[in-house]
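All values below come from the heavy atoms of this structure, side chains included, with hydrogens, waters and symmetry mates left out.
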Amino acid sequence: MKKLMNKSIILSLILALTSCNDWLNVSPKTDMKAEDLFSTEAGFRDALIGVYALMSTSTLYGKNLSYAYMDALAQYYASPRSNTSTGYDHSLKNAAGYNYTEKGEESRILSIWSSHFSAIANINQALLFIDAKRDVFTSEDIHHIYKGEFLALRALLHFNVLRLFASSPIMDNQNGLNSLAIPYVEVYTNVAQPQLTVKEVLVKIEKDLLAARDLMKDRETFNNTDSSSPMYKRRERMNYYAVTALLARVYLYGNEKEAALTTAKEIIGEVDGENSTSYTLATSAATATNPMFQSELIFTLDVQKLKNLSESSFAETSLSDVLLMSVKGKQNIFNAGGLENDFRSSWLTLTSSGNEYVLAKYNGMNYIPMFKLSELYLIAAECANGKEAYGYLNKLRNHRGLVSVEETQNIEDYIYQEYRREFLGEGQLFFYYKRKLFDAIGAEDNVGIEDLKTVYNLPIPTSEIDFGNIKN
């Protein structure tokens, strides 16, 4: 990160990206000095909104890191690897072929890296002021919630960079925790920060998340009516439960299964009991107005321009961009025995040719799911033992229209099947493959990986290696 900061913070570049729904309706700040921006509570709110706005762009979670690039890497789609009738290559052909050194892919990867660290720089700028400016907040609760939110976003962004660019713990002969990874930037500076190991980064992520939870616990109210309230639409923000869900995900990634299970249970409760939160599993199939089970959504990223960002990915006529799953792939995921009534089967619709399927779960939607209740059940199923593990898995399956799995059956295989159905179009399956080190992946299970590290670890941009404290 040779340039993570600028003495005069220019959040206008981020705030200008902000969507126009009411809670994100802010005015751009042109060349505003940090001291001025952070002289009011609204300034800290604007800084938070700026981070979410950057996350919602096509470079990050508005497209690349959700339904498009990440799911092309996971080989959900057949179209990027196929020849188009126009004679032009598919826009994700090189990504699907893991040709990360191709010029366009190098540019994409650099943008993903730099956008994450730009957002982190803005977070660190706000954290530099937030305690010194406590008196500008209308209450201690708001100060603590905003500070916790900044810390949690910093952890989330670093965690995703870690998963993209560094080895998973099982890699490098199961010594991935000790492999060199990425910097963890906790200060607002233009000085390159040291490259840490995977384990050291995970420790810092955990520290930020635990601090965030302590700050936010029992302080939030979920207000969906008053757009002037600092607590407006907390489900579209990194709220306390989203922090908890991320912590469970982090613990599982680091193979700390006992901690992951304990953390997941804080939201979903014991397998035979009730959860203590307002989140509940779906009881009926996805519909056009509720395609992603609203009662399960813990944190959704607001992407008001999702229709524009995704149109070419889901339009049959966009031959160089459309993301199509093969009939065999769809059958492999959804039409095996007992899956005909799966609540999620409508997430894919048949094209007019009848030869492929296209993703439909985002039709008419303006958000990307970041954390869902279902993931916590899958984490619990993977981390628990015996009857308890099957109990968590079956509770989720039953709330997807599926029958229970007998305890004599291989639970790991059923967890995998749920992951690739549940996270279709959300950019998470590639990380599951990487965590488990699959050597054959995809909707058809037909894409073999010979050099696992070369495929699963995106190359750190050359500019960072040349000018930062990073070794390749």
Side-chain angles (χ1 to χ4, degrees), residues 55 60-61 63-77 92 95-96 98 100 108-109 112-113 115-116 155-172 174 176-177 179 181-182 198-199 201-202 205-206 209 242 245-257 260 263-264 298-299 301 333 368-372 374-383 412-413 415-443 445 447 449 451-460:
M55 290 171 63
L60 297 184
Y61 305 92
K63 185 171 185 176
N64 272 338
L65 301 186
S66 50
Y67 53 86
Y69 179 66
M70 290 308 303
D71 275 3
L73 296 184
Q75 305 298 336
Y76 270 120
Y77 311 117
L92 288 169
Y98 308 117
Y100 299 142
R108 188 200 309 272
I109 290 167
I112 290 170
W113 174 280
S115 293
H116 275 93
L156 171 64
L157 294 169
H158 277 105
F159 182 56
N160 288 339
V161 173
L162 178 76
R163 291 195 298 172
L164 284 165
F165 291 93
S167 294
S168 65
I170 199 175
M171 294 174 70
D172 302 335
Q174 300 193 16
L177 286 172
S179 297
I182 63 169
V198 172
K199 178 62 176 178
V201 174
L202 288 173
I205 290 169
E206 179 190 24
L209 292 176
L246 174 56
L247 186 60
R249 185 187 284 180
V250 169
Y251 282 140
L252 178 62
Y253 193 79
N255 204 32
E256 297 184 57
K257 291 190 174 182
T263 306
I298 297 173
F299 165 33
L301 181 65
I333 293 176
I368 299 289
M370 299 294 284
F371 293 100
K372 308 188 299 186
S374 54
E375 181 181 4
L376 297 175
Y377 279 90
L378 291 173
I379 290 174
E382 185 172 343
C383 296
E412 188 169 333
D413 182 60
I415 290 172
Y416 163 53
Q417 299 300 337
E418 289 306 313
Y419 262 95
R420 67 177 182 172
R421 289 191 281 266
E422 190 64 29
F423 296 103
L424 177 61
E426 297 179 27
Q428 294 300 319
L429 185 61
F430 182 77
F431 297 128
Y432 180 89
Y433 288 142
K434 181 172 181 174
R435 181 167 62 85
K436 295 291 189 177
L437 212 56
F438 275 40
D439 59 8
I441 67 174
D445 299 311
V447 179
I449 301 175
D451 190 338
L452 296 167
K453 189 165 184 174
T454 299
V455 168
Y456 283 130
N457 291 3
L458 299 191
I460 292 174

Go through the steps for V250 and L246 under the test side chain to side chain contact (heavy atoms under 4.5 Å, CB included), then give the verdict. CA-CA 6 Å; V250 169; L246 174 56; 3.9 Å; yes
Any chance you could lay out the side chain to side chain contact (heavy atoms under 4.5 Å, CB included) test for L252 and R435, step after step, and finish with the verdict? CA-CA 9 Å; L252 178 62; R435 181 167 62 85; 3.6 Å; yes
Derivation of the side chain to side chain contact (heavy atoms under 4.5 Å, CB included) call for N64 and M70: CA-CA 6 Å; N64 272 338; M70 290 308 303; over 6 Å; no
Start with the C-alpha gap between Y377 and E382, add the side-chain angles, then the distance that decides, and say whether side chain to side chain contact (heavy atoms under 4.5 Å, CB included) holds. CA-CA 9 Å; Y377 279 90; E382 185 172 343; over 6 Å; no
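Under the salt bridge (Lys or Arg N to Asp or Glu O under 4.0 Å) criterion, K453 pairs with D172, sequence neighbours left out. Evaluation of the salt bridge (Lys or Arg N to Asp or Glu O under 4.0 Å) rule for D439 yields no partner, not counting sequence neighbours. Partners of F423 by ring pair (Phe, Tyr, Trp, His ring centres under 6.0 Å), not counting sequence neighbours, listed by chain and number: Y419. The salt bridge (Lys or Arg N to Asp or Glu O under 4.0 Å) check on R421 picks up D342, E418, with sequence neighbours excluded. Residues meeting the side-chain hydrogen bond (donor to acceptor under 3.5 Å, both in side chains) test with R249, sequence neighbours left out: E375. Under the side chain to side chain contact (heavy atoms under 4.5 Å, CB included) criterion, E412 pairs with N410, K436, not counting sequence neighbours.
Between Q417 and I333, the closest side-chain pair of non-hydrogen atoms is not below 4.5 Å. A heavy-atom distance below 4.5 Å is not found between the side chains of H116 and H158. Between Y76 and L424, the closest side-chain pair of non-hydrogen atoms falls below 4.5 Å. L156 is not listed as a side-chain neighbour of I205, based on a closest heavy-atom distance of 4.5 Å or more.
For the residue pair E426 / S66, no side-chain donor-acceptor distance below 3.5 Å is found, with atom types taken as modelled. Side-chain atoms of N160 and Y61 include a donor-acceptor pair closer than 3.5 Å. Judged by distance alone, the side chains of Q428 and R163 do bring a donor and an acceptor atom under 3.5 Å apart. Residues Y416 and Y433 bring a donor and an acceptor atom of their side chains to less than 3.5 Å of each other.
I112 contributes atom CD1, which lies 5.0 Å from atom OH of Y69 (distance to the nearest 0.5 angstrom). Here the straight-line distance linking atom CG of L73 with atom CG of L164 works out to 8.5 Å at 0.5 Å rounding. Note: F159 CZ to L202 CG = 7.0 Å, rounded to the nearest 0.5 Å. Remark: Y251 OH to T263 OG1 distance equals 5.5 Å, nearest 0.5 Å.
Checked for salt-bridge contact, R420 and D71 miss the test: no charged N lies under 4.0 Å from a carboxylate O. A salt bridge links E256 to K199: one of the charged nitrogens lies within less than 4.0 Å of a carboxylate oxygen.
For the pair L60 and M55, the tightest heavy-atom approach, listed with the atom from each and the gap, is CB-O, 3.5 Å. The shortest non-hydrogen separation linking I298 to A242 is CG2-N, 3.5 Å.
Evaluated for a ring-ring contact (aromatic ring centres under 6.0 Å, His included) with Y456, the options F430, Y100, F431, F165 yield exactly one hit, F430.
Judged by distance alone, the side chain of Q75 and the main-chain N or O of A96 form a donor-acceptor pair under 3.5 Å.
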